[in-house]
Amino acid sequence: MDLSNCSTCLLKSKAARYLLDEELITQTQNCVHGEFKKGETIFKQNALSSNIIYIQTGLVKLMIDGPHATQILRLKKAPCYLGIPTTMGDKINHYSAIALESTQACFIDIGVFRGLLKTNPEFSYQIIVKLCKNELDQFDRCVNLVQKQIFGRLATHLLYLSNEIFNSKEFIMPLTRNEIAQLTSTSRETVSRLLNVLSKEKIIKINGKKVQVLNYQMLVKISEKG
DNA sequence: GCATTAACCACAG
DNA sequence: CTGTGGTTAATGC
């Protein structure tokens, strides 16, 4: 499959399915396809950005270097757009994007993307809906981080990985302990300890990178009670 | 006071 | 990169 031709790409975004043939051709002509290995940076905080990035396959972390520590803002799973807020909202990126696994991405020229938003209402509408959903997610994440204690925060994120990212009670943890800490806003040591506690309580099972949710109800309870 | 929570440090696999 | 133990500070009965 040719991933650099928008017209024939089978991994088109929901929004892009509303694009007309000639619009897809224009997009293809102003789009660069690239592949990123685990750990490679897709775009960087504080750098000038002139592209919207569409992720076809893979998993990405968005992170921001804060005044006190590095925060993982959220994970993003393909298919999705990256960098619409940071490219449209400012000249300079407010956060970085780094691949957590092998990732295929398309860099769409911002001028072309703007043009599509203006000429194709259905495309724009789909993009807005997506942006709104993202904002709601971020609000939820914000409250989760600010108001819950660490067990609650950790449980919520384990459920997020299980439900939203992998759709399975069993998955390979794509993050290091330190990255889990950056995601849940705590220390690496605390993550280690808490995962051990959850494991001893038979709520989850950990085998190296493999995580298995054993007592889903309990995990939900912990996540809710905080 | 005393208990709990969680960060920080150091050190060892 | 991880796990553990000791220490310490903040907060809440």
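Protein chains get the first letters and strands the later ones, always in sequence-line order, with residue 1 at the start of each.
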With respect to the side chain of A/H68, which nucleotide from B/dA10, B/dC8, B/dT5 is positioned closest?
-> B/dC8

For the side chain of A/N196, counting heavy atoms from C-beta on, which of C/dG3, C/dT2, B/dA7 is nearest?
-> C/dG3

Verify the distance criterion only: is there a donor paired with an acceptor across the side chains of A/S102 and A/K38 at less than 3.5 Å?
-> no

A/L154 CG - B/dT5 P separation (whole Å) = 15 Å

Whole-Å distance, A/N178 CG to C/dT2 C1', equals 10 Å

C/dC1 phosphate, OP1 or OP2: any side-chain N/O from A/R188 under 4.0 angstrom?
-> no

Find the distance between CD1 (A/I222) and CG (A/L159) and round it off to the nearest 0.5 Å.
-> 9.0 Å

Which nucleotide in the set B/dC8, B/dT5, C/dC1 lies at the smallest distance from any side-chain heavy atom of A/R193?
-> B/dC8

Send over the distance from A/R177 CZ to B/dG13 P, rounded to a whole Å.
-> 19 Å

Phosphate oxygens OP1/OP2 of C/dT2: is one of them under 4.0 Å from a side-chain N or O of A/K209?
-> yes

In whole angstrom, give the distance that lies between atom NZ of A/K148 and atom P of B/dT5.
-> 17 Å

Could you tell me whether the side chains of A/H33 and A/Q104 share a donor-acceptor contact shorter than 3.5 Å?
-> yes

Round to a whole Å and report the spacing from NZ of A/K225 to P of B/dT5.
-> 15 Å

Euclidean distance, atom CD of residue A/Q147 to atom P of B/dT5 [Å, nearest integer] = 18 Å

Would you say the side chain of A/E189 and the base of B/dC9 hold a donor-acceptor pair, judged only by whether the two atoms sit under 3.5 Å apart?
-> yes

Neighbour count above 12 (heavy atom, 6.0 Å) for A/K44 NZ | no

Rounded interatomic separation in angstrom, taking NZ from A/K38 and C1' from C/dC1 | 12 Å

side-chain contact (heavy atoms from CB on, under 4.5 Å) partner of A/E179, chosen from A/M173, A/M63, A/K61 = A/K61

Nearest-Å distance, CD (A/Q149) to C1' (B/dT4)?
-> 9 Å

Between A/T186 and B/dA6, does any side-chain N or O lie under 4.0 Å from OP1 or OP2?
-> no

